[in-house]
Every structure is written in structure tokens, then in C-alpha cells.
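Beneath this line is the structure, given in C-alpha cells, with notes to follow.
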Amino acid sequence: MAAKTKFRGSFTALVTPFKNGSVDEAAFRSLVNWQIAEGTHGLVPVGTTGESPTLSHDEHKRVVEWCIEEAKGRVPVIAGAGSNSTKEAIELAEHAEKAGATAVLVVTPYYNKPTQEGMYQHFKAINDAIGIPIIIYNIPPRSVIDMSVDTMKRLFELKNIAGVKDATASMVRVSQQRAAMGEDFNQLSGEDATIIGYMAHGGHGCISVTSNVAPRLCSEFQTAWQKGDVTTALKIHDKLMPLHTNLFIESNPAPVKYAMSLLGKLDEKLRLPMVPVTEATRQAVRSAMVHAGLIN
């Protein structure tokens with residue numbers, strides 16, 4: 001039986017709070033509860049936004065465990081389990097399954113630039129090692145490579161490949177993937193700014209950076225869209241659009257961590273090579289938060 005998914009709505013790509021050089025467990029657990037209380041439909045720990053490149057393996061695994069423990073089954077948890085080493089990705093995916101994750105998010109291997117066949121074999125090896133659904137994370141701007149629709153179609157024939165987090169920002173790709181794999185292929189946007197177009201092309205939801213800061217608005221946007229209330233969805237989208245763009249003026253997650261510090265949710269701490277944002281970006285982020293009604 002294929003382990004497919006029907007993830008719908010707003011899934012937050014959670015930041016990882018730091019304090020005194022370590023992961024801030026109390027702040028992280030508090031974020032999980034706040035997100036669920038605000039209506040977020042699912043949680044995605046230790047992805048790019050969670051600064052996974054600078055977390056040790058032990059820290060990575062602990063964050064996944066904390067998220068699952070704190071969520072208590074109230075919402076799905078899609079645990080980040082990507083690496084450009086297949087062996088390492090398998091280890092992280094096996095841990096996530098053992099910890100109780102609903103699914104894993106696996107990025108296309110960055111830096112070593114595998115071919116389409118290399119990507120297929122990478123994901124097949126992870127598929128063969130675990131028994132929970134796998135969401136492919138296709139993000140060419142960060143990983144350099146772009147998984148083709150044909151490769152996704154081949155992978156979707158495997159028992160655990162369930163869908164994609166699509167950060168190509170291509171509206172065409174959503175329709176192409178629908179045509180190739182059908183409605184059961186779970187398509188989640190990884191691009192906040194293009195979300196309304198993504199949904200119009202047949203997407204199912206968003207793994208969102210903005211929802212770290214505005215979880216209720218992001219959830220309400222998705223709920224309105226699912227009800228067919230395009231007018232309300234567009235109004236919410238207009239409120240969020242400056243955030244969708246200004247949170248990416250500098251590399252994610254530096255702007256979103258600054259925004260969350262304004263809400264009192266965490267300290268604005270990042271791990272090198274990430275650094276705090278400039279004053280110009282701070283002003284842009286504050287302005288966007290005022291526009292969204294999050295601060296005065």
C-alpha cells in the first residue's frame with residue numbers, strides 16, 4: 001500500500017531558536033504550541049528555515065523529537081531529513097520515522113549536482129529504507145539542480161514518494177505535475193509570494209516561511225481558498241504580500257527571525273554564516289508587519 005498524503009493548508013517551516021549558542025528548547029516548544037493555537041495546519045521542523053545546515057546531527061534529531069512531542073498528534077509533522085549524502089539522509093529519515101513523524105521532507109542533493117538518474121537513485125534509496133511518506137523538496141535556487149517532472153513521475157511510482165514542496169516559483173510546473181501524476185500527487189508550494197497563483201493552478205497548500213510570523217493569517221488564507229472564497233483569500237493575500245517579499249530581502253531565515261523577535265517569540269540569534277539583517281531590511285520588515293496588522 002503506497003504511503004500517500006493529503007496535506008492541505010498552511011504548514012510552517014519552523015525557525016530554530018538559539019540561546020547562549022545552543023538550541024533553545026523552551027522557546028521552540030512554545031513556538032509549536034503557538035503555531036497550533038493560531039490555526040496552522042502542519043509543522044515542518046529543521047528545513048532551510050530551521051537552519052539545518054548549521055545544526056549538529058544530535059541537535060537536528062532533538063528538534064524533530066521536540067516538535068513531535070509538543071504537537072501531540074494535533075497536526076502533522078513533516079520532519080526535515082535532507083542531505084547531499086544519501087547515507088546521511090537515510091539516517092535522518094529513519095530517525096524521523098522512529099520519533100513518530102508523519103512524513104519527511106527530503107531536499108534534492110545540493111552542491112554535488114547529481115543527474116536526474118542520481119536524484120532518482122537518491123530518493124529511491126531513502127524510499128526503500130523507511131515506511132512513511134516522503135515529500136520531495138525541489139528548490140533550484142539553493143540546490144542548483146532542478147528535478148524534472150519525468151523524474152518525479154518515476155519516483156511517484158515508489159511506495160513512499162507522496163508529493164513535492166515546490167520552490168521553483170513556476171506556475172507552469174504545478175499544472176505539468178498535475179498532468180503527469182494526477183491529483184493524488186501532493187503539491188505544496190515553497191514560495192510564499194506566488195502562493196495564490198500556485199493554488200489557482202491546483203496546489204494543495206504551502207510550506208511557509210511567512211507563517212512563522214503570521215500563522216493565523218496564513219491559515220485563514222488557506223481556509224478561505226479551500227472554501228472557494230477567493231475574494232477573502234485575495235484580501236488576506238494583499239495583507240501578507242509585503243511580508244512575503246520583505247522576509248526575503250536578505251537570506252532566509254535572518255529577516256523572519258528579526259520579525260519574530262519583534263513579536264517577542266525568540267531572541268534574534270543566528271548561526272554563522274547567517275548574520276542579523278541590516279537596518280534597511282529591519283525597516284522593510286517592520287513596515288510589512290504593520291501592513292499585515294501584526295504590530296502597531
Side-chain angles (χ1 to χ4, degrees), residues 7 11-13 44 46-54 78-86 88-89 92-93 103-127 133-156 158 161-181 185-211 244-256 273-274:
F7 296 136
F11 283 65
T12 302
V44 186
V46 289
T48 309
T49 308
E51 291 177 81
S52 56
T54 55
I78 307 174
S83 173
N84 60 344
S85 160
T86 305
E88 191 173 282
L92 294 173
V104 289
L105 179 69
V106 178
V107 70
T108 51
Y110 42 88
Y111 188 73
N112 38 14
K113 295 175 69 174
T115 62
Q116 295 296 318
E117 182 62 25
M119 281 188 272
Y120 175 83
Q121 294 298 338
H122 175 81
F123 279 88
K124 184 179 185 301
I126 301 165
N127 169 87
I134 297 165
I135 304 295
I136 299 162
Y137 184 11
N138 194 32
I139 181 165
R142 282 189 184 261
S143 64
V144 185
I145 52 174
D146 183 0
M147 184 182 285
S148 70
V149 177
D150 287 344
T151 300
M152 283 189 199
K153 186 176 181 180
R154 284 181 70 199
L155 285 169
F156 192 49
L158 303 177
I161 304 296
V164 65
K165 176 186 177 182
D166 186 335
T168 62
S170 168
M171 298 303 94
V172 175
R173 191 66 66 88
V174 192
S175 293
Q176 290 172 334
Q177 288 160 182
R178 275 172 58 80
M181 278 82 78
F185 188 67
N186 202 168
Q187 297 204 64
L188 303 170
S189 173
E191 268 283 327
D192 280 297
T194 58
I195 184 57
I196 201 160
Y198 192 91
M199 299 303 291
H201 272 263
H204 299 123
C206 185
I207 296 179
S208 170
V209 174
T210 303
S211 60
H244 290 337
T245 53
N246 293 358
L247 289 177
F248 294 92
I249 293 172
E250 295 183 41
S251 296
N252 177 50
V256 74
M274 303 303 295

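When a residue number appears, it is its place in the shown sequence, counting from 1.
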For [X], give me all partners under side chain to side chain contact (heavy atoms under 4.5 Å, CB included), at least two apart in sequence or on another chain.
X	value
Ala200	Trp225
Phe248	Asp192, Val209, Asn252
Gln121	Glu117, Lys124

Nearest-0.5 Å distance, [atom1] of residue [X] to [atom2] of residue [Y]:
X	Y	atom1	atom2	result
Leu155	Ile136	CG	CD1	5.0 Å
Thr115	Ile145	OG1	CD1	9.0 Å
His122	Asn84	NE2	CG	8.0 Å
Leu247	Thr210	CG	OG1	5.0 Å
Gln177	Met147	CD	CE	10.0 Å
Phe11	Leu188	CZ	CG	6.5 Å

Side chains of [X] and [Y], heavy atoms from C-beta outward: is any pair under 4.5 Å?
X	Y	value
Thr151	Phe123	no
Ser83	Tyr110	yes
Leu158	Tyr120	yes

Residues that [X] engages under side chain to side chain donor-acceptor pair (under 3.5 Å), provided they are two or more places apart:
X	answer
Glu191	none
Ser189	none
Ser52	none
Gln176	none

Checklist entry - Of all residues at least two apart in sequence or in a different chain, which pass the salt bridge (charged side-chain N to carboxylate O under 4.0 Å, His left out) check with Arg178? => result Glu183
Checklist outcome for this item: Hits for salt bridge (charged side-chain N to carboxylate O under 4.0 Å, His left out) against Lys113, two or more places apart or cross-chain, chain-then-number order -> none
Which atom names give the shortest non-hydrogen contact between [X] and [Y], and what distance separates them?
X	Y	value
Gln187	Val174	NE2-O, 3.1 Å
Asn127	Ile161	OD1-N, 3.9 Å
Pro273	Thr54	CD-CG2, 4.2 Å
Ala89	Ile126	CB-CD1, 3.7 Å
Asn246	Pro255	O-CB, 4.2 Å
Thr245	Ala193	CG2-CB, 4.5 Å

Checklist entry - Which pairs with one or both residues in residues 144-153 pass salt bridge (charged side-chain N to carboxylate O under 4.0 Å, His left out), sequence neighbours excluded? => result Asp146-Arg173
Item to check | All pairs passing salt bridge (charged side-chain N to carboxylate O under 4.0 Å, His left out) where residues 201-210 contributes a residue, at least two apart | outcome: none
Checklist entry - Yes or no on side-chain contact (heavy atoms from CB on, under 4.5 Å) for Lys165 and Ile78, after CA distance, side-chain angles and deciding distance? => result CA-CA 11 Å; Lys165 176 186 177 182; Ile78 307 174; over 6 Å; no
Checklist entry - Where do Ile207 and Tyr137 land on the side-chain contact (heavy atoms from CB on, under 4.5 Å) test, with the steps shown first? => result CA-CA 10 Å; Ile207 296 179; Tyr137 184 11; over 6 Å; no
Checklist entry - How would you list all residue pairs meeting ring pair (Phe, Tyr, Trp, His ring centres under 6.0 Å) that involve residues 185-210, not counting sequence neighbours? => result Phe156-Phe185
